[in-house]
Amino acid sequence: MRLPTESSQSPEPPVPHSGGVSEDEFKAAMSRLAAGVVLVTAHDDEDGPHGAPAGMTATAFMSVSLDPPLVLVSVRTGSRIDELLERQPLWAASLLAEGERVIAGRFAMKGRLSDRLLFQEVPHRLGEITGAPLLTDALATVECRTEQRIAAGDHTLVVARVLSVGLPPAEGGPLAYFRGRYRHLA
């Protein structure tokens, strides 16, 4: 590798990610992995006099352990939900059904309306343990307590113990995310 000198006129080409893979290549490869879609929610005690609900669409959500029951969600470091889950250990996830595509899109938008307004249009109840919104039409809901936070590149992995599970009488299949679009299983 040539080191730049004061007399060199051409800048060095941009360095790809450490593994030699560009961000675009990595995104394209990962878009081919189908993922379930969840709405991660929590009650933000610091938002207004009585607090307010907060939510974020996530596709990086998975079970980790049966004993104890643990799940993991990956959130962008420094995002609103990352900051909230850092100070609020109680949160929930609603596993979205195929008919909840609009909800997923609304909670994934940047520059969206306040979460408080979005939740006014979404059928939900508050979790008995967490106080977090649980969607009434979800395939399943889990209430969680954070046990570990792990820095991982530009994201934070939040590992949480499942405190309760809800199995609403939802019909249909799961909402999936594949190649940059929400889809349902055929």
Side-chain angles (χ1 to χ4, degrees), residues 27 30-44 52-66 68-77 79-86 88-110 112 115-116 118-119 121-150 152 154-185:
K27 284 173 135 178
M30 292 299 98
S31 77
R32 295 175 184 207
L33 176 64
V37 183
V38 301
L39 182 63
V40 175
T41 59
H43 182 78
D44 187 352
M56 176 201 79
T57 302
T59 55
F61 181 86
M62 61 183 285
S63 64
V64 174
S65 168
L66 288 174
L70 298 174
V71 294
L72 175 145
V73 66
S74 177
V75 298
R76 182 172 292 282
T77 301
S79 67
R80 180 171 189 264
I81 203 78
D82 178 44
E83 185 272 329
L84 176 56
L85 295 184
E86 186 171 24
Q88 168 58 280
L90 297 174
W91 54 278
S94 295
L95 287 61
L96 300 184
E98 59 193 358
E100 296 176 306
R101 182 180 304 208
V102 171
I103 292 169
R106 285 183 181 169
F107 282 93
M109 289 188 322
K110 292 182 175 139
R112 65 182 186 243
D115 286 0
R116 185 187 315 259
L118 288 176
F119 277 109
E121 299 176 10
V122 176
H124 68 279
R125 66 177 180 80
L126 299 180
E128 292 180 21
I129 298 170
T130 62
L134 303 170
L135 301 191
T136 56
D137 294 332
L139 292 176
T141 59
V142 291
E143 290 189 87
C144 306
R145 183 186 66 242
T146 298
E147 295 216 339
Q148 189 175 11
R149 292 173 53 85
I150 304 159
D154 59 1
H155 276 65
T156 301
L157 305 178
V158 181
V159 178
R161 183 178 297 254
V162 175
L163 305 173
S164 76
V165 170
L167 299 170
E171 293 185 26
L175 181 61
Y177 195 72
F178 179 70
R179 290 199 171 186
R181 293 182 36 201
Y182 296 113
R183 309 197 185 230
H184 67 275
L185 300 178

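Residues satisfying the salt bridge (Lys or Arg N to Asp or Glu O under 4.0 Å) test with Asp82, not counting sequence neighbours, are Arg149.
A pairwise comparison of heavy atoms in Ala176 and Val37 identifies C-CG2, 3.8 Å as the closest pair. Among all heavy-atom pairs drawn from Gly172 and Leu139, the shortest one is O-CD2, 3.8 Å. Taking every heavy atom of both residues into account, Thr41 and Pro133 meet most closely at OG1-O, 2.7 Å. Nearest heavy atoms, Leu167 versus Ala140: CD2-CB, 3.9 Å.
Sorted by first and then second residue, the side chain to side chain donor-acceptor pair (under 3.5 Å) pairs involving residues 129-142 (not counting sequence neighbours) are Thr130-Glu143.
Going from atom CD of Glu128 over to atom CG of Leu134 covers 9.5 Å, rounded to the nearest 0.5 Å. Between the CG atom of Leu84 and the CG atom of Asp44 there is a distance of 4.5 Å, given to the nearest 0.5 Å. With rounding to the nearest 0.5 angstrom, the CE atom of Met109 is 9.5 Å from the OG1 atom of Thr57. The distance from atom OG1 of Thr156 to atom CD1 of Ile150, rounded to the nearest 0.5 Å, is 9.5 Å. In this structure, CZ on Arg161 lies 8.5 Å from OG on Ser65, to the nearest 0.5 angstrom.
A distance-only check finds a donor-acceptor pair linking the side chain of Gln88 to the backbone of His43 [under 3.5 Å]. Between the side chain of Ser31 and the main chain of Gly180, no donor-acceptor pair closer than 3.5 Å is present. Remark: the backbone N or O of Phe178 is paired with a side-chain donor or acceptor of Arg183 at under 3.5 angstrom.
Contact annotation: the side chain of Thr77 never approaches that of Asp154 to less than 4.5 Å [non-hydrogen atoms, C-beta and beyond]. Looking at heavy atoms from C-beta onward, Val71 lies in side-chain contact with Cys144 at the 4.5 angstrom threshold. Side-chain contact between Ile81 and Phe107 is absent, with no heavy-atom pair separated by less than 4.5 Å. The closest side-chain heavy-atom distance from Asp115 to Arg80 is below 4.5 Å.
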Extract all donor-acceptor atom pairs below 3.5 Å that involve side chains of residues 90-103 and protein atoms in other chains or at least two apart in sequence.
residue: Trp91; atom: NE1; partner: Thr146; partner atom: OG1; Å: 2.9
residue: Ser94; atom: OG; partner: Leu135; partner atom: N; Å: 3.1
residue: Glu98; atom: OE2; partner: Gly173; partner atom: N; Å: 3.3
residue: Glu100; atom: OE1; partner: Ala97; partner atom: N; Å: 2.7
residue: Arg101; atom: NH1; partner: Tyr182; partner atom: O; Å: 3.3

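The aromatic rings of Phe119 and His124 sit perpendicular to each other, their planes meeting at more than 60°, with 30° as the lower class boundary.
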Intermediate values then yes/no, side chain to side chain contact (heavy atoms under 4.5 Å, CB included), Met56 and Arg76: CA-CA 11 Å; Met56 176 201 79; Arg76 182 172 292 282; over 6 Å; no
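The environment of Glu147 atom CD is dense: over 12 non-hydrogen atoms of other residues, nucleotides or ligands sit within 6.0 angstrom.
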